[in-house]
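Contents: one structure, followed by commentary.
The figures that follow rest on heavy atoms only: side chains count, while hydrogens, waters and symmetry mates do not.
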Amino acid sequence: MTVMVEKDLRKMLNIALKKLDVEQHDIEIEVPKDTTHGDFSTNIAMKLARVLRKSPMQIAEMIVEEFPNNEVFKEITIAKPGFINFVVDKRIYYNVITEINSERELYGSSSIGHGEHYNIEFVSANPTGSLHIGHARGAAAGDSLARILKKAGYRVTKEFYVNDGGNQIHNLALSINARYKALFNEPVEMPEDGYYGKEIIALAKTIQLEHGDRYLKEDGYAFFRQYGVDYLLDQLKTDLRNFGVEFDIWFSEAKLYEEKLVEKTIETLKEKDYTYEKDNALWLKTSEFGDEKDRVIIKSDGSYTYVTPDIAYHKEKLSRGYTKLIDILGGDHHGYVPRLKAAIEMFTGQSDYLEVDLLQMVKVIQNGEEVKMSKRSGKAITLSDLVEDVGKDPIRYFFAMRSLNTHMELDLDLALKQTNENPVFYAQYAHARIASVMRQAAEKGVHVNTLINQFETLDSDKIDTLLTVLVDYKNVVEEAATKRIPHKITQYIHRLAQALHSYYAEEKVITDDERATKERLALIHAVKIVLKDALSLVGVDAKDRM
RNA sequence: GUUUCGGUAGCUCAGUUGGAUAGAGCAACGGCCUUCUAAGCCGUCGGUCGGGGGUUCGAAUCCCUCCCGGAACGCCA
């Protein structure tokens, strides 16, 4: 809708410019941050100052003079340096109410992603322990982005890469072994790079319950390995589900080996002459593609480095025909990105088939001071702790509020308060208020016809604001999707909730005026739909009562 | 040392293809509940945009330089 209005404006400005004998010109139209500057503005008069050799103010006046008559803009003003500001007659927005109420959750959908199929990989934690707070940020970011991209018309596949093939699983088995033996007072030393989380102790106890002392007598290594991965992966899925995050594909690293994909990938790279042998190892020429140096892919002892299966994995993903691969990684992996992109370029000829979005660290504050995580002691704040103590919605919302690449702070004292310091309540309350009014209407026997399309009584600044925000939804979704900025959505949610609360305080919806009541009910019903939909894009539930 | 992210109001953060008096939430302060939910509304206070140069009609935004903090710099994963 705003897009249409913008198009109209452009057309009208061109007509005016033609009358002034100005050649076709790039007209910049923007939505002013300050609403007192109207709904749209242009700096065209300033741009033309040099060409026409007149002052911007003069030019602006000339443009306004020649501006065609129309029903879209009810006010056109000229401001200081030479801006021309346009105020939309909000009556042309009335039909958005009907549109929303009939399209419901499809309203705001876009087609800018048409034809694109994105694979978005995130979290991808090793199944060696519980998910901690860093994974939580990744999960929230990836899932929200996926939802937003879908809304914008992209096809999206969410994928979790399970690192179940490497050395870490070996260490996991040894760690379980140590914890298991300890239960029988047969202490075994924890491995050097062992996993110290309390969930490993719980895991060992489960094994003790199910199998008694069986693995004191026989070697339990293979069993611990398999059991551990299954158990932890299962827990991990549960934790993510409780956080509102579901994946389409769980891709096992082990599968790469089973299907010989790593060997095949290395063969391909050799054939393309991107490898060479040196010091008894096999190197990949990543420096030819922007990496700062070449990387070893087969060590001198014959084993692979970390990147090797990962390259095979990304090649496998490419073979599935996605138009883009997105990896969401922790910021500490930034040095890893160039070598991965180099490999992608070796296969596809262009590195931007892969987009890596980095998340910066989360600093956790508790009792006013920073909580330091420690692998050794197993001390960490887990995702399940967060969901249990604080709740899914505030955590999801809080993560979505921040841009991905900012260092963020999570204040647990604040999050635990569950007061209005958590902005998510503000939005949920707006939704609940509307639901409440709807209930009142039903009780009073008011017949709610949300599909009315004639509006005669909606006339106030608060309503104009609501309509303006509702109309803007699609733009916001598109911007959030293309720029990968989920916080654009939470900002929008806040803007809409604010407009609703402000309106609610000013005007009663249900009155004796039947006509007005019906129109207002249709309006707030539309607000309710968009609020709920926008919240869903960041994985937050809308509530009907609070 | 190199790479990378960040430094914007008391706090947490938006805003960076150059544009109008730099925004939001929270905190603080002052009002508003006989009326559909006060988890709300209305208003006030609050900033050398890390420092210094430069580019121009115009810089938080672009260029140079310096300072401070996080992270990464393996034939670890």
Next item on the list: Would you tell me if any nitrogen or oxygen in the side chain of A:K299 comes within less than 4.0 Å of OP1 or OP2 on B:C76?
Entry: yes
Checklist line | Rounded C1' spacing from B:U65 to B:G47 in Å | finding: 25 Å
Next item on the list: Indicate the ring-plane relationship of A:Y426 and A:H494, choosing parallel, tilted or perpendicular according to the 30° and 60° boundaries.
Entry: parallel
Note to self: Please determine whether a side-chain nitrogen or oxygen atom of A:K462 lies at a distance below 4.0 Å from atom OP1 or OP2 of B:C42.
What the structure shows: yes
Item checked: Length of the line joining A:D301:CG and B:C75:P, which is rounded to integer Å -> 12 Å
Notebook entry, point to check: Parallel, tilted or perpendicular: which describes the rings of A:F73 and A:F67, with under 30° parallel and over 60° perpendicular?
Noted result: perpendicular
Item checked: Spacing of the C1' atoms in B:G18 and B:C63 (rounded, Å) -> 13 Å
Item checked: Interatomic distance where CE belongs to A:M361 and P belongs to B:G6 [whole Å] -> 15 Å
Checklist line | Whole-Å gap separating P (B:G70) and CE (A:M373) | finding: 17 Å
Notebook entry, point to check: Whole-Å distance between B:U12 P and A:E370 CD?
Noted result: 12 Å
Check: Within the side chain of A:E253, is there an N or O that forms a donor-acceptor pair under 3.5 Å with the backbone of A:G165?
Finding: yes
Notebook entry, point to check: Please give, in whole Å, the distance from B:C5 P to A:D357 CG?
Noted result: 13 Å
Next item on the list: Quick one: label A:E292 by what it contacts on the DNA or RNA (base, sugar-phosphate, nothing), any heavy atom closer than 4.0 Å.
Entry: sugar-phosphate
Checklist line | C1'-based separation of B:G40 from B:C26 [nearest Å] | finding: 16 Å
Next item on the list: Whole angstrom is fine here: how far is it from CH2 in A:W283 over to P in B:G74?
Entry: 11 Å
Note to self: Does A:D301 form a side-chain hydrogen bond (donor to acceptor under 3.5 Å, both in side chains) with A:S303? I'd like the steps, not just the answer.
What the structure shows: CA-CA 6 Å; A:D301 68 359; A:S303 64; 2.7 Å; yes
Check: For the side chain of A:K392 and the backbone of A:G539, is there at least one donor-acceptor N/O pair under 3.5 Å apart?
Finding: yes
Margin query: Between B:A20 and A:N85, counting only base atoms on the nucleotide and side-chain atoms on the residue, is there a donor-acceptor pair under 3.5 Å?
Written below: yes
Notebook entry, point to check: Which residue, A:D544 or A:K293, contacts RNA chain B at a nucleotide closer to its 5' end, judged by nearest heavy atom?
Noted result: A:D544
Next item on the list: Have a look at A:S502 and say if it touches a base, only the backbone sugar-phosphate, or nothing, with a 4.0 Å heavy-atom cut-off.
Entry: sugar-phosphate
Note to self: For a side-chain hydrogen bond (donor to acceptor under 3.5 Å, both in side chains) check, start with the C-alpha distance between A:H333 and A:D327, then their side-chain angles and the critical distance, and finish with the verdict.
What the structure shows: CA-CA 11 Å; A:H333 286 75; A:D327 285 4; over 6 Å; no
Notebook entry, point to check: A:Y313 vs A:F251 aromatic rings, parallel, tilted or perpendicular, using cut-offs 30° and 60°?
Noted result: tilted
Checklist line | B:C42 and B:C33, which share atom name P, separated by this distance in whole Å | finding: 16 Å
Next item on the list: Could you check which nucleotide pairs with B:C41 in any of the strands shown, counting Watson-Crick or G-U wobble with both distances under 3.5 Å?
Entry: B:G31
Next item on the list: Give the rounded distance in Å between these two atoms: NE2 of A:H170 and C1' of B:A77.
Entry: 14 Å
Margin query: Syn or anti for B:C33, given that syn means the glycosidic angle lies within 90° of 0?
Written below: syn
Next item on the list: Rounded off to whole Å, could you give me the CD-to-P distance for the A:E506 and B:C42 pair?
Entry: 9 Å
Check: Should we count CD of A:E514 as having more than 12 external heavy atoms under 6.0 Å?
Finding: no
Next item on the list: Tell me what A:D310 touches on the nucleic acid: a base, only sugar-phosphate, or nothing, going by heavy atoms under 4.0 Å.
Entry: nothing
Check: Checking all strands, does A:D411 fall into the base, sugar-phosphate, or nothing category for heavy-atom contacts under 4.0 angstrom?
Finding: nothing
Next item on the list: Under 4.0 Å between any heavy atoms, over every strand shown, what does A:R295 touch: base, sugar-phosphate, or nothing? Just pick one.
Entry: nothing
Check: Taking atom types as they are modelled, is there a donor-acceptor pair under 3.5 Å from the base of B:C75 to the side chain of A:T305?
Finding: no
Next item on the list: Carefully, step by step, assess A:Q168 and A:T128 under the rule side-chain hydrogen bond (donor to acceptor under 3.5 Å, both in side chains).
Entry: CA-CA 7 Å; A:Q168 62 271 33; A:T128 54; over 6 Å; no
Margin query: What's the gap between B:U61 and B:A14 when it is taken at their C1' atoms, as a whole Å value?
Written below: 14 Å
Notebook entry, point to check: Would you say the base of B:C41 and the side-chain of A:H501 have a donor-acceptor pair closer than 3.5 Å?
Noted result: no
Pairs: protein N or O with nucleotides 22-28 of chain B N or O, under 3.5 Å:
unit_1	atom_1	unit_2	atom_2	d
B:G25	OP1	A:Q498	NE2	3.4

Next item on the list: For the pair A:S502 (side chain) and A:Q498 (backbone), establish whether a donor and an acceptor sit closer than 3.5 Å, ignoring hydrogens and angles.
Entry: no
Checklist line | Integer angstrom distance from the C1' of B:C45 to that of B:G58 | finding: 30 Å
Notebook entry, point to check: What does A:Q168 touch in the nucleic acid at a heavy-atom separation under 4.0 angstrom: a base, only the sugar-phosphate, or nothing?
Noted result: sugar-phosphate
Notebook entry, point to check: Name the one of A:L467, A:L466, A:I97 that satisfies side chain to side chain contact (heavy atoms under 4.5 Å, CB included) with A:L458?
Noted result: A:I97
Notebook entry, point to check: For A:T468 and A:T465, what are the C-alpha separation, side-chain angles and deciding distance, and is it a side-chain hydrogen bond (donor to acceptor under 3.5 Å, both in side chains)?
Noted result: CA-CA 5 Å; A:T468 306; A:T465 304; 5.9 Å; no
Notebook entry, point to check: Can you tell me if NZ on A:K532 sees more than 12 non-hydrogen neighbours from other groups inside 6.0 Å?
Noted result: no
Checklist line | Watson-Crick or G-U wobble mate for B:C13, both contacts under 3.5 Å | finding: B:G23
Notebook entry, point to check: Do the side chain of A:H407 and the main chain of A:M361 share a donor and acceptor less than 3.5 angstrom apart?
Noted result: no
Checklist line | Upstream residue (5' side of RNA chain B) when A:L404 and A:T42 are each assigned their closest nucleotide | finding: A:L404
Notebook entry, point to check: With both distances under 3.5 Å as the test, what is the Watson-Crick or G-U wobble partner of B:U2?
Noted result: B:A72
Item checked: Nearest-nucleotide pick for A:H407, side chain only, options being B:G74, B:U12, B:G69 -> B:G69
Check: Of the candidate nucleotides B:C13, B:G70, B:C75, which contains the atom at the shortest distance from the side chain of A:T406?
Finding: B:C13
Check: How far does the P atom of B:G74 sit from the matching atom of B:C68, given to the nearest Å?
Finding: 25 Å
Next item on the list: Check whether NZ of the Lys or CZ of the Arg A:R402 lies under 6.0 Å from the centre of the six-membered ring of A:F398 and within 45 degrees of that ring's axis.
Entry: yes
Check: OP1, OP2 of B:A20 versus side-chain N and O of A:S41: anything below 4.0 Å?
Finding: no
Note to self: When the P atoms of B:A27 and B:U2 are compared, how many Å lie between them, rounded to an integer?
What the structure shows: 44 Å
Notebook entry, point to check: So which nucleotide from B:U4, B:C13, B:C42 ends up closest to the side chain of A:H334?
Noted result: B:U4
Each nucleotide N or O in nucleotides 15-19 of chain B that has a protein N or O under 3.5 Å away: list the pair and distance.
unit_1	atom_1	unit_2	atom_2	d
B:G15	OP1	A:H487	NE2	3.3

Show each protein N/O and nucleotides 32-36 of chain B N/O combination with a separation under 3.5 Å, one pair to a line.
unit_1	atom_1	unit_2	atom_2	d
B:U35	O2'	A:K508	NZ	2.9
B:C36	O3'	A:Q440	NE2	3.4
B:C36	O2	A:I510	N	3.3
B:C36	N3	A:V509	N	2.8
B:C36	N4	A:Y504	O	3.1
B:C36	N4	A:E507	O	2.7

